[in-house]
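Each remark here refers to the structure printed beneath this line.
Positions are given from 1, in the same order as the sequence printed here. Predicted model only: the values in this text are computed from it and were never measured.
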Amino acid sequence: MKVTAVSTWFPTEKAPASGAFIVKDLHAIAEAGVEVRLVHLVAPQVDDGTRELEYEGIKIRRIPFRTFSPVGVARVGRVLPTYLQGSDVVHSMAMSALAPVAAARAGSLEAQKIPWVHTEHWSGLTNPDTLGVALRVARPGVLALEKLPDVVTSVCPYLSAPIRRARGESSQKPTVEVPCVVEPASTLTPRRDTAKTEPWRLVSIGGLVERKDPIFALKVVAELLKRGRSAELTWVGSGPLEEASRNYAASHGVTLRLTGPLPPEDVYRELQSADLFIGPTHGDNFFVSCAEAILNGRPVAVGAAGGHPDYMRDFVGIALEHHDVGEYADAVEHLLNAKPNEPSAEAIAGSIGQAFSSATVGMSYRRVYEAVLESSLEESNALLAALPSWRGW
(Lines give C-alpha, C1' and ligand atoms only; values in the text may rest on other atoms or scores of the structure.)
Protein backbone atom coordinates (compact mmCIF):
# COMPACT_ATOMS: atom_id res chain seq x y z
CA MET A 1 0.00 0.00 0.00
CA LYS A 2 1.43 3.39 -1.03
CA VAL A 3 0.24 6.53 0.72
CA THR A 4 1.23 10.11 -0.06
CA ALA A 5 0.71 12.46 2.86
CA VAL A 6 0.33 16.20 2.28
CA SER A 7 0.97 18.71 5.04
CA THR A 8 2.04 22.30 5.63
CA TRP A 9 3.56 21.23 8.95
CA PHE A 10 6.93 19.46 9.06
CA PRO A 11 10.40 20.18 10.47
CA THR A 12 12.88 22.25 8.47
CA GLU A 13 16.30 23.61 9.44
CA LYS A 14 14.61 26.94 10.14
CA ALA A 15 11.83 25.37 12.21
CA PRO A 16 13.12 22.05 13.59
CA ALA A 17 10.22 21.66 16.04
CA SER A 18 7.46 22.26 13.49
CA GLY A 19 5.00 19.44 12.89
CA ALA A 20 6.28 16.98 15.47
CA PHE A 21 2.81 15.39 15.51
CA ILE A 22 3.03 14.80 11.74
CA VAL A 23 6.40 13.08 12.14
CA LYS A 24 4.98 10.76 14.81
CA ASP A 25 1.97 9.86 12.67
CA LEU A 26 4.11 9.12 9.61
CA HIS A 27 6.40 6.84 11.60
CA ALA A 28 3.38 5.05 13.06
CA ILE A 29 1.91 4.55 9.58
CA ALA A 30 5.20 3.23 8.23
CA GLU A 31 5.55 0.85 11.19
CA ALA A 32 2.12 -0.54 10.29
CA GLY A 33 3.54 -1.77 6.97
CA VAL A 34 2.46 1.13 4.76
CA GLU A 35 4.84 2.75 2.27
CA VAL A 36 4.43 6.43 3.09
CA ARG A 37 5.96 9.58 1.64
CA LEU A 38 5.23 13.26 2.33
CA VAL A 39 4.65 16.30 0.18
CA HIS A 40 5.54 19.21 2.45
CA LEU A 41 3.89 22.47 1.40
CA VAL A 42 6.50 24.71 2.97
CA ALA A 43 5.82 28.34 3.92
CA PRO A 44 8.43 30.99 2.97
CA GLN A 45 9.31 31.84 6.56
CA VAL A 46 10.37 28.26 7.37
CA ASP A 47 11.69 27.23 3.93
CA ASP A 48 15.32 26.11 4.21
CA GLY A 49 15.71 25.68 0.45
CA THR A 50 15.73 21.88 0.33
CA ARG A 51 13.35 20.26 -2.13
CA GLU A 52 14.00 16.51 -1.92
CA LEU A 53 15.30 14.76 1.17
CA GLU A 54 14.88 11.81 3.48
CA TYR A 55 13.92 12.65 7.06
CA GLU A 56 14.23 9.83 9.59
CA GLY A 57 13.52 7.32 6.85
CA ILE A 58 10.61 9.28 5.35
CA LYS A 59 10.90 10.51 1.76
CA ILE A 60 10.01 14.20 1.56
CA ARG A 61 9.28 16.49 -1.39
CA ARG A 62 8.96 20.17 -0.52
CA ILE A 63 6.84 22.58 -2.57
CA PRO A 64 6.89 26.30 -1.71
CA PHE A 65 3.43 27.43 -0.59
CA ARG A 66 1.87 30.52 0.97
CA THR A 67 -0.79 29.22 3.32
CA PHE A 68 -4.29 30.56 2.61
CA SER A 69 -3.12 32.41 -0.51
CA PRO A 70 -5.62 31.77 -3.36
CA VAL A 71 -2.79 32.13 -5.86
CA GLY A 72 -0.67 29.71 -3.85
CA VAL A 73 -3.50 27.19 -3.63
CA ALA A 74 -4.07 27.35 -7.39
CA ARG A 75 -0.37 26.93 -8.13
CA VAL A 76 0.02 23.93 -5.84
CA GLY A 77 -3.19 22.49 -7.23
CA ARG A 78 -1.57 22.40 -10.68
CA VAL A 79 1.68 20.71 -9.60
CA LEU A 80 0.50 18.43 -6.80
CA PRO A 81 -1.11 15.75 -9.06
CA THR A 82 2.36 14.93 -10.41
CA TYR A 83 3.50 13.95 -6.90
CA LEU A 84 0.37 11.91 -6.23
CA GLN A 85 1.01 9.55 -9.13
CA GLY A 86 1.32 5.93 -8.04
CA SER A 87 -0.44 6.55 -4.72
CA ASP A 88 -3.16 4.25 -3.43
CA VAL A 89 -4.33 6.95 -0.99
CA VAL A 90 -3.68 10.67 -0.49
CA HIS A 91 -3.71 11.69 3.18
CA SER A 92 -3.92 15.40 3.97
CA MET A 93 -2.85 16.28 7.50
CA ALA A 94 -4.17 19.40 9.28
CA MET A 95 -6.64 21.91 7.94
CA SER A 96 -4.20 24.04 5.90
CA ALA A 97 -3.63 21.06 3.56
CA LEU A 98 -7.33 20.75 2.68
CA ALA A 99 -7.53 23.47 0.02
CA PRO A 100 -4.39 22.41 -1.90
CA VAL A 101 -5.56 18.78 -2.14
CA ALA A 102 -9.06 19.92 -3.12
CA ALA A 103 -7.55 22.11 -5.84
CA ALA A 104 -5.40 19.24 -7.13
CA ARG A 105 -8.44 16.96 -7.39
CA ALA A 106 -10.55 19.65 -9.05
CA GLY A 107 -8.01 20.06 -11.83
CA SER A 108 -6.94 16.46 -12.41
CA LEU A 109 -9.09 13.45 -13.28
CA GLU A 110 -6.26 11.14 -12.20
CA ALA A 111 -6.05 12.81 -8.78
CA GLN A 112 -9.82 12.44 -8.38
CA LYS A 113 -9.47 8.65 -8.69
CA ILE A 114 -7.20 8.45 -5.63
CA PRO A 115 -9.13 7.96 -2.36
CA TRP A 116 -8.71 10.91 0.02
CA VAL A 117 -8.26 10.66 3.79
CA HIS A 118 -7.92 13.79 5.89
CA THR A 119 -6.75 14.08 9.51
CA GLU A 120 -7.88 17.12 11.48
CA HIS A 121 -6.31 18.68 14.55
CA TRP A 122 -7.49 22.30 14.46
CA SER A 123 -8.78 23.61 17.80
CA GLY A 124 -10.44 26.48 15.93
CA LEU A 125 -13.25 24.13 14.96
CA THR A 126 -14.09 23.42 18.60
CA ASN A 127 -13.02 26.67 20.28
CA PRO A 128 -13.66 29.54 17.84
CA ASP A 129 -13.50 32.08 20.66
CA THR A 130 -9.74 31.52 20.84
CA LEU A 131 -9.26 32.61 17.20
CA GLY A 132 -8.18 35.93 15.78
CA VAL A 133 -10.42 37.76 13.33
CA ALA A 134 -8.85 36.32 10.16
CA LEU A 135 -9.13 32.68 11.23
CA ARG A 136 -12.62 33.22 12.58
CA VAL A 137 -13.66 34.48 9.15
CA ALA A 138 -11.94 31.48 7.51
CA ARG A 139 -13.60 28.90 9.78
CA PRO A 140 -16.81 28.39 7.69
CA GLY A 141 -14.67 27.80 4.61
CA VAL A 142 -12.63 25.18 6.45
CA LEU A 143 -15.82 23.41 7.54
CA ALA A 144 -16.99 23.40 3.91
CA LEU A 145 -13.71 21.79 2.84
CA GLU A 146 -14.12 19.13 5.55
CA LYS A 147 -17.04 17.76 3.50
CA LEU A 148 -14.82 16.73 0.60
CA PRO A 149 -12.52 13.87 1.77
CA ASP A 150 -13.75 10.28 1.63
CA VAL A 151 -12.91 9.80 5.31
CA VAL A 152 -12.00 12.39 7.92
CA THR A 153 -10.19 11.30 11.05
CA SER A 154 -10.13 13.54 14.09
CA VAL A 155 -7.97 13.14 17.15
CA CYS A 156 -10.91 12.89 19.59
CA PRO A 157 -14.73 12.77 19.78
CA TYR A 158 -14.76 16.43 20.92
CA LEU A 159 -13.34 17.46 17.54
CA SER A 160 -15.43 14.96 15.59
CA ALA A 161 -18.66 16.68 16.67
CA PRO A 162 -18.39 19.86 14.54
CA ILE A 163 -16.87 17.88 11.65
CA ARG A 164 -19.77 15.41 11.66
CA ARG A 165 -22.24 18.29 11.70
CA ALA A 166 -20.52 19.71 8.60
CA ARG A 167 -20.22 16.36 6.79
CA GLY A 168 -23.55 14.91 7.86
CA GLU A 169 -24.06 11.41 9.20
CA SER A 170 -23.80 9.59 5.86
CA SER A 171 -22.05 6.21 6.05
CA GLN A 172 -20.51 7.11 2.69
CA LYS A 173 -18.66 10.07 4.25
CA PRO A 174 -17.58 8.75 7.66
CA THR A 175 -15.77 10.66 10.39
CA VAL A 176 -13.78 8.49 12.81
CA GLU A 177 -11.37 9.01 15.70
CA VAL A 178 -7.67 8.19 15.56
CA PRO A 179 -5.74 9.69 18.49
CA CYS A 180 -2.40 11.47 18.52
CA VAL A 181 0.68 9.35 19.15
CA VAL A 182 1.72 9.52 22.80
CA GLU A 183 4.08 6.73 23.76
CA PRO A 184 3.97 5.25 27.27
CA ALA A 185 7.03 5.96 29.39
CA SER A 186 9.57 3.14 29.38
CA THR A 187 10.12 3.53 33.14
CA LEU A 188 8.20 5.35 35.86
CA THR A 189 9.54 7.30 38.83
CA PRO A 190 7.41 6.71 41.96
CA ARG A 191 5.40 9.67 43.17
CA ARG A 192 6.62 11.59 46.21
CA ASP A 193 4.59 11.70 49.41
CA THR A 194 3.28 15.22 48.79
CA ALA A 195 1.14 15.12 51.92
CA LYS A 196 4.43 15.49 53.82
CA THR A 197 6.91 16.87 51.27
CA GLU A 198 7.21 20.41 49.93
CA PRO A 199 7.78 22.46 47.88
CA TRP A 200 5.17 21.06 45.54
CA ARG A 201 6.60 20.84 42.06
CA LEU A 202 4.08 21.87 39.42
CA VAL A 203 4.88 21.50 35.72
CA SER A 204 3.26 22.56 32.46
CA ILE A 205 4.17 21.96 28.82
CA GLY A 206 3.28 24.03 25.79
CA GLY A 207 3.63 27.41 24.21
CA LEU A 208 3.77 30.47 26.44
CA VAL A 209 0.67 31.83 24.74
CA GLU A 210 -2.69 33.20 25.88
CA ARG A 211 -4.58 29.99 25.07
CA LYS A 212 -2.31 27.98 27.39
CA ASP A 213 -2.38 30.84 29.95
CA PRO A 214 0.94 30.62 31.83
CA ILE A 215 0.08 33.79 33.77
CA PHE A 216 -3.00 32.05 35.19
CA ALA A 217 -0.85 29.07 36.21
CA LEU A 218 1.44 31.47 38.05
CA LYS A 219 -1.58 33.02 39.77
CA VAL A 220 -2.53 29.57 41.02
CA VAL A 221 0.95 29.08 42.48
CA ALA A 222 0.75 32.54 44.06
CA GLU A 223 -2.61 31.57 45.62
CA LEU A 224 -1.06 28.38 47.03
CA LEU A 225 1.70 30.49 48.58
CA LYS A 226 -0.93 32.75 50.18
CA ARG A 227 -2.48 29.62 51.70
CA GLY A 228 0.82 28.70 53.29
CA ARG A 229 1.77 26.06 50.74
CA SER A 230 5.27 25.96 49.31
CA ALA A 231 5.00 25.47 45.55
CA GLU A 232 6.95 26.22 42.38
CA LEU A 233 6.32 26.01 38.63
CA THR A 234 8.38 24.65 35.76
CA TRP A 235 7.15 25.50 32.25
CA VAL A 236 8.49 23.56 29.27
CA GLY A 237 8.12 25.60 26.09
CA SER A 238 8.58 29.08 24.69
CA GLY A 239 6.44 31.86 23.35
CA PRO A 240 5.49 35.54 23.41
CA LEU A 241 4.44 35.53 27.09
CA GLU A 242 7.89 34.54 28.36
CA GLU A 243 8.88 38.01 29.57
CA ALA A 244 5.45 38.66 31.08
CA SER A 245 5.66 35.34 32.90
CA ARG A 246 9.09 36.13 34.32
CA ASN A 247 7.90 39.57 35.42
CA TYR A 248 4.77 38.20 37.12
CA ALA A 249 6.77 35.52 38.93
CA ALA A 250 9.36 38.04 40.14
CA SER A 251 6.76 40.54 41.37
CA HIS A 252 4.71 37.90 43.23
CA GLY A 253 7.50 35.85 44.78
CA VAL A 254 6.78 32.77 42.68
CA THR A 255 9.62 30.41 41.79
CA LEU A 256 9.43 29.93 38.02
CA ARG A 257 11.72 27.84 35.88
CA LEU A 258 11.43 28.18 32.09
CA THR A 259 13.25 25.40 30.24
CA GLY A 260 12.38 26.36 26.66
CA PRO A 261 11.52 23.55 24.21
CA LEU A 262 13.00 20.17 25.10
CA PRO A 263 13.41 16.83 23.28
CA PRO A 264 10.84 14.15 24.17
CA GLU A 265 13.07 12.24 26.58
CA ASP A 266 13.75 15.44 28.57
CA VAL A 267 10.04 16.33 28.59
CA TYR A 268 9.30 12.94 30.17
CA ARG A 269 12.11 13.53 32.68
CA GLU A 270 10.60 16.87 33.70
CA LEU A 271 7.17 15.27 34.12
CA GLN A 272 8.50 12.51 36.35
CA SER A 273 10.43 15.05 38.44
CA ALA A 274 7.19 16.92 39.10
CA ASP A 275 4.32 16.23 41.49
CA LEU A 276 1.46 17.51 39.31
CA PHE A 277 0.74 18.78 35.81
CA ILE A 278 -1.18 22.05 35.60
CA GLY A 279 -2.76 22.97 32.27
CA PRO A 280 -5.18 25.92 32.41
CA THR A 281 -5.99 25.67 28.71
CA HIS A 282 -8.72 27.79 27.16
CA GLY A 283 -9.23 25.21 24.44
CA ASP A 284 -7.43 22.13 23.16
CA ASN A 285 -8.53 19.09 21.24
CA PHE A 286 -6.32 16.17 22.21
CA PHE A 287 -4.03 18.08 24.63
CA VAL A 288 -0.94 15.95 24.10
CA SER A 289 0.91 17.27 27.14
CA CYS A 290 -1.97 16.24 29.41
CA ALA A 291 -1.79 12.70 28.01
CA GLU A 292 2.00 12.75 28.43
CA ALA A 293 1.62 13.70 32.08
CA ILE A 294 -0.82 10.85 32.73
CA LEU A 295 1.39 8.35 30.88
CA ASN A 296 4.28 9.49 33.09
CA GLY A 297 2.24 8.74 36.18
CA ARG A 298 1.41 12.26 37.33
CA PRO A 299 -2.00 13.69 38.34
CA VAL A 300 -3.37 16.62 36.34
CA ALA A 301 -5.33 19.81 37.05
CA VAL A 302 -6.50 21.12 33.70
CA GLY A 303 -9.12 23.23 31.97
CA ALA A 304 -12.13 21.29 30.74
CA ALA A 305 -12.32 22.88 27.27
CA GLY A 306 -11.09 20.08 25.05
CA GLY A 307 -11.17 16.40 24.24
CA HIS A 308 -8.87 15.33 27.06
CA PRO A 309 -11.64 14.77 29.67
CA ASP A 310 -12.67 11.80 27.50
CA TYR A 311 -9.42 9.98 28.34
CA MET A 312 -9.10 11.21 31.95
CA ARG A 313 -10.25 8.66 34.48
CA ASP A 314 -11.66 10.26 37.62
CA PHE A 315 -8.71 9.24 39.78
CA VAL A 316 -6.01 10.76 37.52
CA GLY A 317 -6.99 14.39 37.99
CA ILE A 318 -9.56 17.16 37.70
CA ALA A 319 -10.83 19.02 34.62
CA LEU A 320 -12.16 22.40 35.71
CA GLU A 321 -15.05 24.09 33.91
CA HIS A 322 -14.34 27.56 35.32
CA HIS A 323 -11.18 29.62 34.93
CA ASP A 324 -11.04 30.45 38.62
CA VAL A 325 -7.76 30.72 40.52
CA GLY A 326 -9.29 29.55 43.78
CA GLU A 327 -10.86 26.47 42.19
CA TYR A 328 -7.54 25.50 40.61
CA ALA A 329 -5.73 25.94 43.92
CA ASP A 330 -8.38 23.80 45.59
CA ALA A 331 -7.86 21.11 42.94
CA VAL A 332 -4.08 21.13 43.41
CA GLU A 333 -4.46 20.82 47.18
CA HIS A 334 -6.97 18.01 46.81
CA LEU A 335 -4.75 16.04 44.43
CA LEU A 336 -1.55 16.51 46.42
CA ASN A 337 -3.00 16.09 49.90
CA ALA A 338 -4.23 12.58 49.15
CA LYS A 339 -2.91 9.45 50.82
CA PRO A 340 0.82 8.94 50.31
CA ASN A 341 1.57 8.04 46.68
CA GLU A 342 -2.05 7.18 45.88
CA PRO A 343 -2.92 6.59 43.19
CA SER A 344 0.48 5.23 42.23
CA ALA A 345 2.37 6.35 39.14
CA GLU A 346 1.72 2.91 37.66
CA ALA A 347 -2.04 3.18 38.21
CA ILE A 348 -2.21 6.65 36.66
CA ALA A 349 -0.16 5.66 33.61
CA GLY A 350 -2.07 2.41 33.26
CA SER A 351 -5.34 4.32 32.86
CA ILE A 352 -4.27 4.99 29.25
CA GLY A 353 -1.75 2.22 28.68
CA GLN A 354 -1.11 1.50 24.98
CA ALA A 355 -4.22 3.26 23.63
CA PHE A 356 -2.20 6.12 22.12
CA SER A 357 0.95 4.18 21.25
CA SER A 358 2.54 4.34 17.82
CA ALA A 359 1.51 0.73 17.16
CA THR A 360 -2.15 1.42 17.97
CA VAL A 361 -2.30 4.64 15.94
CA GLY A 362 -0.45 3.16 12.96
CA MET A 363 -2.75 0.16 12.72
CA SER A 364 -5.79 2.43 13.03
CA TYR A 365 -4.65 4.48 10.04
CA ARG A 366 -3.96 1.30 8.07
CA ARG A 367 -7.55 0.19 8.67
CA VAL A 368 -8.81 3.58 7.49
CA TYR A 369 -6.81 3.18 4.26
CA GLU A 370 -8.12 -0.33 3.76
CA ALA A 371 -11.64 0.99 4.25
CA VAL A 372 -11.37 3.69 1.56
CA LEU A 373 -9.82 1.17 -0.83
CA GLU A 374 -12.59 -1.38 -0.24
CA SER A 375 -15.10 -1.49 -3.11
CA SER A 376 -17.94 -2.65 -0.89
CA LEU A 377 -19.51 -0.01 1.37
CA GLU A 378 -20.49 -2.76 3.81
CA GLU A 379 -16.92 -4.04 4.06
CA SER A 380 -15.59 -0.47 4.32
CA ASN A 381 -17.87 0.30 7.24
CA ALA A 382 -16.88 -2.95 8.93
CA LEU A 383 -13.21 -1.99 8.76
CA LEU A 384 -13.92 1.41 10.26
CA ALA A 385 -16.06 -0.14 12.97
CA ALA A 386 -13.06 -2.28 13.93
CA LEU A 387 -11.04 0.77 14.98
CA PRO A 388 -10.14 0.74 18.70
CA SER A 389 -12.90 2.36 20.76
CA TRP A 390 -11.97 5.71 22.26
CA ARG A 391 -12.94 4.34 25.66
CA GLY A 392 -11.86 0.79 24.88
CA TRP A 393 -8.61 0.64 26.84
Side-chain angles (χ1 to χ4, degrees), residues 3-12 14-15 18-19 21-22 25 37-52 60-85 87 89-154 159 162-168 173 175 209 211 283 285:
V3 172
T4 299
V6 181
S7 179
T8 58
W9 294 88
F10 202 76
T12 68
K14 289 187 176 181
S18 174
F21 60 103
I22 301 293
D25 278 356
R37 59 188 178 183
L38 173 73
V39 176
H40 179 200
L41 307 179
V42 59
Q45 64 270 24
V46 297
D47 191 352
D48 59 16
T50 59
R51 293 295 174 259
E52 292 190 23
I60 311 296
R61 172 69 193 193
R62 297 201 209 273
I63 301 176
F65 175 59
R66 292 185 180 273
T67 308
F68 302 126
S69 161
V71 174
V73 169
R75 177 183 173 277
V76 168
R78 289 193 296 271
V79 301
L80 186 56
T82 300
Y83 300 104
L84 300 182
Q85 291 178 3
S87 304
V89 177
V90 57
H91 186 166
S92 53
M93 295 182 165
M95 65 95 167
S96 49
L98 278 165
V101 174
R105 289 167 64 87
S108 167
L109 291 175
E110 290 303 312
Q112 289 175 25
K113 296 176 183 177
I114 304 171
W116 180 9
V117 173
H118 175 68
T119 291
E120 194 52 77
H121 295 258
W122 191 35
S123 61
L125 295 180
T126 46
N127 296 283
D129 292 345
T130 65
L131 300 176
V133 174
L135 284 175
R136 200 172 299 174
V137 170
R139 185 174 177 272
V142 173
L143 282 168
L145 289 168
E146 299 281 1
K147 300 177 183 179
L148 301 178
D150 297 298
V151 176
V152 170
T153 80
S154 78
L159 178 55
I163 296 173
R164 284 199 176 98
R165 286 195 295 270
R167 287 170 62 82
K173 287 282 186 177
T175 302
V209 297
R211 184 166 60 87
N285 283 322

For this session: Please say which of L145, L135, L143, T119 ends up in a side chain to side chain contact (heavy atoms under 4.5 Å, CB included) with M95.
Result: L135
Exercise. Can you tell which of T4, D150, V90 makes a side chain to side chain contact (heavy atoms under 4.5 Å, CB included) with I114?
Worked result: V90
If you take all heavy atoms of [X] and [Y], which pair is closest and at what distance?
| X | Y | value |
| --- | --- | --- |
| V76 | P100 | CG1-CB, 3.9 Å |
| G283 | S123 | O-CB, 4.3 Å |
| S7 | A97 | CA-CB, 4.2 Å |
| S96 | W9 | OG-NE1, 3.8 Å |
| P149 | H118 | CG-CB, 3.6 Å |

Exercise. For atom CH2 of W122, is the number of surrounding heavy atoms from other residues, nucleotides or ligands below 6.0 Å larger than 12?
Worked result: yes
Exercise. Going by atom types only, do R211 and T130 share a side-chain donor-acceptor pair under 3.5 Å?
Worked result: no
Exercise. Is a side-chain donor-acceptor pair under 3.5 Å present for R164 with S154?
Worked result: no
Do side-chain atoms of [X] reach the backbone of [Y] as a donor and acceptor pair under 3.5 angstrom?
| X | Y | answer |
| --- | --- | --- |
| R136 | L131 | yes |
| R61 | R37 | no |
| H121 | A94 | no |
| R167 | E146 | yes |

[atom1]/[X] to [atom2]/[Y] distance, rounded to the nearest 0.5 angstrom?
| X | Y | atom1 | atom2 | result |
| --- | --- | --- | --- | --- |
| T8 | I63 | OG1 | CD1 | 12.5 Å |
| M93 | F21 | CE | CZ | 9.0 Å |
| H91 | L38 | NE2 | CG | 11.0 Å |
| E120 | S92 | CD | OG | 8.5 Å |
| R105 | L80 | CZ | CG | 11.0 Å |
| H40 | R51 | NE2 | CZ | 10.0 Å |

For this session: Output, in order, the C-alpha distance, side-chain angles, deciding distance and verdict of side-chain contact (heavy atoms from CB on, under 4.5 Å) for F68 and V73.
Result: CA-CA 7 Å; F68 302 126; V73 169; over 6 Å; no
Exercise. Do the non-hydrogen side-chain atoms of L98 and W116 ever get within less than 4.5 Å of each other?
Worked result: yes
Problem set entry | Working for side-chain contact (heavy atoms from CB on, under 4.5 Å), residues D48 and R62 | CA-CA 10 Å; D48 59 16; R62 297 201 209 273; 3.8 Å; yes
For this session: Please report the C-alpha distance between R139 and L125 in whole Å, then the side-chain angles of each, then the deciding distance to 0.1 Å, and finally whether the side-chain contact (heavy atoms from CB on, under 4.5 Å) criterion is met.
Result: CA-CA 7 Å; R139 185 174 177 272; L125 295 180; 4.3 Å; yes
Problem set entry | Residue pair T12, T50: steps toward the side-chain contact (heavy atoms from CB on, under 4.5 Å) verdict | CA-CA 9 Å; T12 68; T50 59; over 6 Å; no
